[in-house]
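Comments concern the structure below.
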Protein chains: 2
Amino acid sequence: MATQKEIARLAGVSVSAVSAVLNGTTHTRMSDATRERIEEAIAEVGYVPNDAARALRRQQAGTIAVVVEKLENPAYKELFHGIYEAAEARGWAVVLGDIVWMRSGSHFLARLLGRGSIDAIVLRQDRLIDEEVLAHLRARPTPVVLVERQADPHDSWISVDDLAAGRVATEHLIELGHTEIAFVGGEGQPSAVRGEGYATAMRDAGLVPSAPVVTGFGPESGARGLDALRSQGELPTAVVVANVMSAVGLLAAAADAGIDVPGRLSVVGIHDADIADVVRPSLTTIRLPMRALGVRAVEQVSALLSGAPTELGVLADPPPEVIARNSTAPPGSGTSSSPRTSSVVS
Amino acid sequence: MATQKEIARLAGVSVSAVSAVLNGTTHTRMSDATRERIEEAIAEVGYVPNDAARALRRQQAGTIAVVVEKLENPAYKELFHGIYEAAEARGWAVVLGDIVWMRSGSHFLARLLGRGSIDAIVLRQDRLIDEEVLAHLRARPTPVVLVERQADPHDSWISVDDLAAGRVATEHLIELGHTEIAFVGGEGQPSAVRGEGYATAMRDAGLVPSAPVVTGFGPESGARGLDALRSQGELPTAVVVANVMSAVGLLAAAADAGIDVPGRLSVVGIHDADIADVVRPSLTTIRLPMRALGVRAVEQVSALLSGAPTELGVLADPPPEVIARNSTAPPGSGTSSSPRTSSVVS
DNA sequence: CTGAAAGCGCTTACAG
DNA sequence: CTGAAAGCGCTTACAG
């Protein structure tokens, strides 16, 4: 592969001159003839920079890693979008990975934590991450921005307004007239905070929040959540689910159990995603500013890297927003409450 | 950050000795005392290798990139799994990206194509990729394994058995007694080949295949597919959809239109994914060996890199498999055909 | 058994 | 206006 050395030989100049043309640095006032000769030579050999050499010399790779739990979670789509755009604008490349790959001893983890190829890590996890891995992360100089609040005060974290999300979801149901509203979530901080938001909204309305049902995050967790609610006696008329895929699972379980949604049970899922529009009944969700969060994540990485002041914590603006679809309705509104929920043969 | 030089100073040895201990190379018979001193020093400073330096010196990064179209497509989950495991076993790290990031001029693309940080690329795309980007790819020395067959004979590609997938899906419907079966797909090779499989199965059964309805890949495409079928006159009794998310969208559109699935219309989606179990009615799918395909992809990357003989083309084993769920039934079986499709209030 | 040296391909002061 | 040189942190023949 062509290197700057070859180009220099071809153009009859020094490597420094080639590097200068390539980067637009120093040697700024080079004779036009020289510059042209160099540019021709560059084009001729089809020069491709060696990123490893550049990273070694510059002491920065120009790449940030983004690691999430459950890559396939549709809630990340917008987050990735925001991160990618903000990173591109700064001249950084983004690489993605799944947190299940971050096992102690994996080459993936080694690459993340090693110096030279990754400048910083943006890490989003639903539940608490493996402590051993977290210890590795903390021990290394690579800056890490956690996307979701953490217990440890030394961690840099940002997050959407989970409290408001739980509150807004609950308020939507209260406005529809519901008074018996349950909350189904998973382990870990974000879900717990959304649960607090739920409890706050309930109390503010003079209602009694019930204890959160803690199951998990996938579709199966939604099904287990419904099971738990049913085994607790009288089913509430509405439920806030902390996670969108879990809400979809709960919807399916309700259909299987012959529980009409929204006639008998209204369901709100936190996080908006395409899938909410595709299931039947379609799922009412709380849209969170994931794209803005992605941008913020990159800004914080940048601040951490440059020593500029950070702006960590909760991203409160724009606020969570209700996307009302067909899984919510006033209590007791029966099967025909919504034109789109029935699927009778014509 | 600690370098080998510092460790060497600390242990009173040469850098070569430190490198040897770190890598288990040369200097194999080092005195135990020396080795211990070095190991202590390594532990003491918390040494982390500099991957950029190593990559530059070794002339290989130990990292492969995997780029897909629509990262959020659940069909990739198993593919990533296979790739990751096979890569780890070879000591490689894997980084992921979305094809929408591969725009000409993006830093992401530059990083992929640059030397030094990525040894090879595994690229999976549903439709044909931007020709400009493909030209870039072909011009660079970085080996590329395409996951899906391509027109250009110079490309290295592997794929699942799309022909068999289309065939198996169609045969499942034929076995149920359907004779009027449509095919809905997207642009590009994989969908076209699945359509061929459909047509083959139809003809083998003495039936007349209809022209493929070409819409696209997301849920909306499924809805548009149904619209197209309805506008073509009498709706067939069954449909093979080339893509799982598109099939889910078609299911939703059928529900909205009051078309009973599977009573009036049976639906099979190609590619299995968790979502198929979660929608109602649950979706019958064709499971393809995506994990094995991931492993194969890494094997081919390895072969390309080492100059070993490749094993490209269609991965026929294990063959596609029908996962029968509730979206398929004999024609005209009515609303109560399946115990899980009704969602009446109890 | 161990160290000195070269060199991977860059960038960047520095000297002229 | 341009080039020679140092050095980023490694690995790997090579010499002793």
Side-chain angles (χ1 to χ4, degrees), chain A residues 1-39 41-42 45-62 91 110-111 113-119 141, chain B residues 1-39 41-42 45-62 91 110-111 113-119 141:
Chain A
M1 279 312 304
T3 64
Q4 292 186 9
K5 202 164 151 191
E6 271 177 74
I7 295 171
R9 195 173 42 70
L10 225 68
V13 296
S14 72
V15 178
S16 335
V18 176
S19 175
V21 169
L22 248 14
N23 295 293
T25 52
T26 61
H27 291 70
T28 33
R29 335 152 141 276
M30 182 180 294
S31 78
D32 285 353
T34 309
R35 182 179 304 276
E36 264 171 40
R37 262 207 331 279
I38 296 175
E39 277 166 353
I42 289 171
V45 302
Y47 176 73
V48 181
N50 184 310
D51 293 314
R54 182 175 281 178
L56 177 59
R57 177 60 226 229
R58 287 195 185 154
Q59 294 289 78
Q60 52 170 295
R111 199 55 42 86
L113 297 176
R115 293 165 302 141
S117 57
I118 299 290
D119 295 327
Chain B
M1 280 312 303
T3 64
Q4 293 185 8
K5 201 164 152 191
E6 270 178 74
I7 295 171
R9 195 173 42 69
L10 225 68
V13 295
S14 72
V15 178
S16 334
V18 176
S19 175
V21 169
L22 249 14
N23 295 292
T25 52
T26 60
H27 291 70
T28 34
R29 335 151 141 277
M30 182 181 293
S31 79
D32 285 354
T34 309
R35 182 180 304 275
E36 265 171 40
R37 261 204 334 279
I38 295 175
E39 276 166 353
I42 289 171
V45 302
Y47 175 74
V48 181
N50 184 310
D51 293 314
R54 181 174 281 178
L56 177 59
R57 177 59 228 231
R58 287 195 184 153
Q59 294 289 78
Q60 52 170 295
R111 199 55 42 87
L113 298 176
R115 293 164 303 143
S117 57
I118 299 289
D119 295 326

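Here is how names work: the chains are called A, B, and so on, in the same order as the sequence lines, proteins then strands, and each is numbered from 1.
In this structure, A:N50 and B:G116 approach most closely via the heavy-atom pair OD1-CA, 3.8 Å. Closest non-hydrogen pair, A:I7 versus A:A41, comes out as CG2-CB, 3.7 Å.
Dashed line: the shortest gap from a side-chain N or O of B:N23 to OP1 or OP2 of D:dT11 is under 4.0 Å. The shortest distance between the side-chain N/O atoms of B:Q59 and the OP1/OP2 oxygens of C:dG7 is not below 4.0 Å. For C:dC10, one of the phosphate oxygens OP1 or OP2 lies less than 4.0 angstrom from a side-chain nitrogen or oxygen of B:R115. Neither OP1 nor OP2 of D:dG9 sits under 4.0 Å from any side-chain N or O of B:R54.
At a threshold of 4.5 Å between non-hydrogen side-chain atoms, the residues B:R115 and A:T3 count as touching. Side-chain contact between B:V18 and B:Y47 is absent, with no heavy atoms from C-beta onward closer than 4.5 Å.
Listed nucleotides: D:dT2, D:dC10, C:dC10. Nearest to the side chain of A:T34: D:dT2. For A:S19, counting side-chain heavy atoms from C-beta on, the closest listed nucleotide (C:dT12, C:dG3, D:dT12) is C:dT12. With D:dC10, C:dT11, C:dC8 as the candidates, the nucleotide lying closest to the side chain of B:T3 is D:dC10. Closest to the side chain of B:S16, out of C:dA4, D:dC10, D:dG3, is C:dA4. Side-chain atoms of A:L56 lie closest to D:dG9 of the nucleotides D:dG9, D:dT11, C:dT11. The listed nucleotides are D:dG9, C:dC10, C:dG3; the one nearest the side chain of A:Y47 is C:dC10. Picking from C:dT12, C:dG3, D:dG9 the nucleotide with the shortest atom distance to the side chain of B:V13 gives C:dG3. The side chain of A:A53 sits closest to C:dG9 out of D:dG9, C:dT11, C:dG9.
Partner of A:Q4 under the side-chain contact (heavy atoms from CB on, under 4.5 Å) criterion, out of A:S19, A:P49, A:S16: A:S19 alone.
Here the C1' atom of nucleotide C:dC8 and the CZ atom of A:R57 are 15 Å apart, to the nearest Å. In this entry the distance linking NZ of B:K5 with P of D:dT11 reads 15 Å, nearest Å. Atoms CZ (A:R58) and P (C:dC10) sit 11 Å apart, rounded to a whole Å. Rounded to a whole Å, the CZ atom of A:R37 is 13 Å from the C1' atom of D:dG3. C:dC10 atom P lies 11 Å from atom CD1 of A:I42, rounded to whole Å. In this structure, A:D51 places its CG atom 18 Å from P of C:dC8, rounding to the nearest Å. Atom CD1 in A:I7 sits about 8 Å away from atom P in C:dC10, given to the nearest Å. Protein atom CD of B:Q4 is 5 Å distant from nucleotide atom P of D:dT11, rounded to whole Å.
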> For DNA chain C, what string of dots and brackets results from 5' to 3' when Watson-Crick and G-U pairs need both distances under 3.5 Å, crossing pairs get [ ], and pairs with another strand get |?
Replying inline: |||.||||||||.|||

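Annotation: side-chain contact (heavy atoms from CB on, under 4.5 Å) contacts of B:D51 (sequence neighbours excluded): A:R111, A:S117.
At distances below 3.5 Å, at least one donor-acceptor pair connects side-chain atoms of A:D119 with backbone N or O atoms of A:A61.
Along DNA chain C, the nucleotide closest to B:G12 and the one closest to A:V15 are compared, and the more 5′ of them pairs with B:G12.
Taking CG from A:L22 and CZ from A:R54, the interatomic distance works out to 6.5 Å, rounded to the nearest 0.5 Å.
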